[in-house]
Peer 1: 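Below you'll find the structure I mean.
Given the structure is predicted, the values throughout are model-derived calculations rather than measurements. Both backbone and side-chain heavy atoms feed into the values below; hydrogens, waters and symmetry mates do not.
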Amino acid sequence: MHPVTSHERVTSGRLDRRARRGCGDEGSTSLTVALLTPLFVVLLFAAVQAALWGHARTEARVAAKTAAVQVARQGVSVDDARASVAANLADADISDLVVSIGSSGGVVEVTVSGRARGILIGTSRSLSVTEAVPVEELTPR
C-alpha cells in the first residue's frame, strides 16, 4: 500500500460533496419549476391581453378611417357611415361603442370610442381613436 496524499483526499472529498449534492438537485429543480410556472402563466396572460387590446384598437382605427373616407370622398351620409362603423365593429370585442363624425374646415373627423374587453372579468380597457381625412372635391375652373 502506498500512503494517501493530501491531493487525493481533497479530490475524493470533492467527489463525496458532489455525490451528496446531486441527490438534492432534483428537489430544487422541481421547486424552482413549481415557483416559476405561475409567473410564466401570468406573463403569458398579460401578453395575450395586450395583443387583444391592440387588436381592438387597430380594428377601431380601421373602421374610423373607412368612415372618414366614405364621408369625405364618396359622399356617404353621416348616418350611413355611423352604421357602417357599427357593422364593421360588430365582431370586434368592443363594448359601449360610440361613434362621432364631424366636419370642419374641409376635414372630416371620425372618433370611435368604447371599451376593449379583456380575458378576465374586470380587465376591460377604454379606447378612443380619431381619424381625420380632408374633403376632396372637383372644382370647376
Side-chain angles (χ1 to χ4, degrees), residues 2-141:
H2 71 286
V4 177
T5 63
S6 62
H7 176 69
E8 290 174 3
R9 272 186 257 146
V10 171
T11 304
S12 66
R14 280 190 202 142
L15 290 176
D16 289 342
R17 273 185 263 134
R18 286 183 190 153
R20 277 184 266 136
R21 215 177 4 181
C23 293
D25 280 347
E26 292 176 14
S28 66
T29 302
S30 59
L31 178 64
T32 303
V33 169
L35 292 175
L36 290 179
T37 299
L39 176 67
F40 288 128
V41 169
V42 167
L43 289 175
L44 176 68
F45 272 109
V48 170
Q49 184 63 70
L52 288 174
W53 286 336
H55 180 69
R57 184 175 206 78
T58 300
E59 293 236 358
R61 177 165 280 124
V62 168
K65 183 75 162 189
T66 301
V69 168
Q70 287 174 343
V71 172
R73 299 188 180 151
Q74 297 171 357
V76 174
S77 72
V78 172
D79 291 332
D80 288 342
R82 192 174 286 121
S84 172
V85 170
N88 287 339
L89 296 178
D91 292 336
D93 287 332
I94 300 174
S95 60
D96 304 331
L97 184 66
V98 177
V99 180
S100 62
I101 302 174
S103 179
S104 65
V107 175
V108 174
E109 194 172 277
V110 178
T111 301
V112 175
S113 57
R115 296 202 62 79
R117 295 185 188 141
I119 295 174
L120 303 174
I121 296 173
T123 59
S124 65
R125 182 177 185 186
S126 64
L127 67 86
S128 179
V129 295
T130 301
E131 289 291 329
V133 175
V135 176
E136 292 183 6
E137 54 189 29
L138 296 174
T139 55
R141 290 187 175 192

Peer 1: Identify, with sequence neighbours excluded, every residue that meets salt bridge (Lys or Arg N to Asp or Glu O under 4.0 Å) alongside Arg82.
Peer 2: Asp79
Peer 1: Which pair of heavy atoms, one from Thr123 and one from Gly118, lies closest together, and at what distance?
Peer 2: OG1-CA, 3.2 Å
Peer 1: The criterion is side chain to side chain contact (heavy atoms under 4.5 Å, CB included); which residues satisfy it with Leu36, sequence neighbours excluded?
Peer 2: Thr32, Leu39, Phe40
Peer 1: Which residue pairs pass the salt bridge (Lys or Arg N to Asp or Glu O under 4.0 Å) test with at least one member in residues 49-58, sequence neighbours excluded?
Peer 2: none
Peer 1: Could I get the full list of side-chain hydrogen bond (donor to acceptor under 3.5 Å, both in side chains) partners for Arg115, not counting sequence neighbours?
Peer 2: Ser124
Peer 1: Hey, does Leu89 have a side-chain heavy atom less than 4.5 Å from the side chain of Leu97?
Peer 2: yes
Peer 1: Taking the side chain as every heavy atom from C-beta outward, state whether Ile101 and Glu109 have any pair of such atoms under 4.5 Å apart.
Peer 2: no
Peer 1: Checking Ser100 now: which residues fulfil side-chain hydrogen bond (donor to acceptor under 3.5 Å, both in side chains) with it, not counting sequence neighbours?
Peer 2: none
Peer 1: Pairs in or reaching into residues 84-94: which pass side-chain hydrogen bond (donor to acceptor under 3.5 Å, both in side chains), with residues at least two apart or in two chains?
Peer 2: none
Peer 1: Are Val108 and Val135 side-chain neighbours, meaning at least one heavy-atom pair lies under 4.5 Å?
Peer 2: yes
Peer 1: Apply side-chain hydrogen bond (donor to acceptor under 3.5 Å, both in side chains) to Thr111 and list each qualifying residue two or more places apart in sequence or on a separate chain.
Peer 2: Thr130
Peer 1: The criterion is side-chain hydrogen bond (donor to acceptor under 3.5 Å, both in side chains); which residues satisfy it with Glu131, sequence neighbours excluded?
Peer 2: Arg61
Peer 1: Taking distance alone, no hydrogens or angles, what donor-acceptor pairs closer than 3.5 Å link side-chain atoms of residues 68-77 to residues at least two apart or in another chain?
Peer 2:
residue	atom	partner	partner atom	Å
Arg73	NH2	Glu136	OE2	3.4
Ser77	OG	Asp80	N	3.2
Ser77	OG	Asp80	OD2	3.1

Peer 1: For residues Val112 and Ala64, report the shortest heavy-atom separation together with the two atoms involved.
Peer 2: CG2-CB, 3.7 Å
Peer 1: Partners of Asp96 by salt bridge (Lys or Arg N to Asp or Glu O under 4.0 Å), sequence neighbours excluded?
Peer 2: none
Peer 1: Counting only pairs under 3.5 Å, give me each side-chain donor-acceptor contact of residues 41-51, with atom names and distances, residues two or more places apart or in other chains.
Peer 2:
residue	atom	partner	partner atom	Å
Gln49	OE1	Ile119	N	2.6

Peer 1: Going by side chain to side chain contact (heavy atoms under 4.5 Å, CB included), name the residues that satisfy it together with Ala67, two or more places apart in sequence or in a different chain.
Peer 2: Ala81, Val85, Val110
Peer 1: Evaluate the side chain to side chain contact (heavy atoms under 4.5 Å, CB included) criterion for residues Lys65 and Val133: first the C-alpha distance (whole Å), next the side-chain angles of each, then the deciding distance (0.1 Å), finally the verdict.
Peer 2: CA-CA 8 Å; Lys65 183 75 162 189; Val133 175; 4.2 Å; yes
Peer 1: Could you tell me which non-hydrogen atom of Ala60 sits nearest to which non-hydrogen atom of Leu127, and how far apart they are?
Peer 2: CB-CD1, 3.9 Å
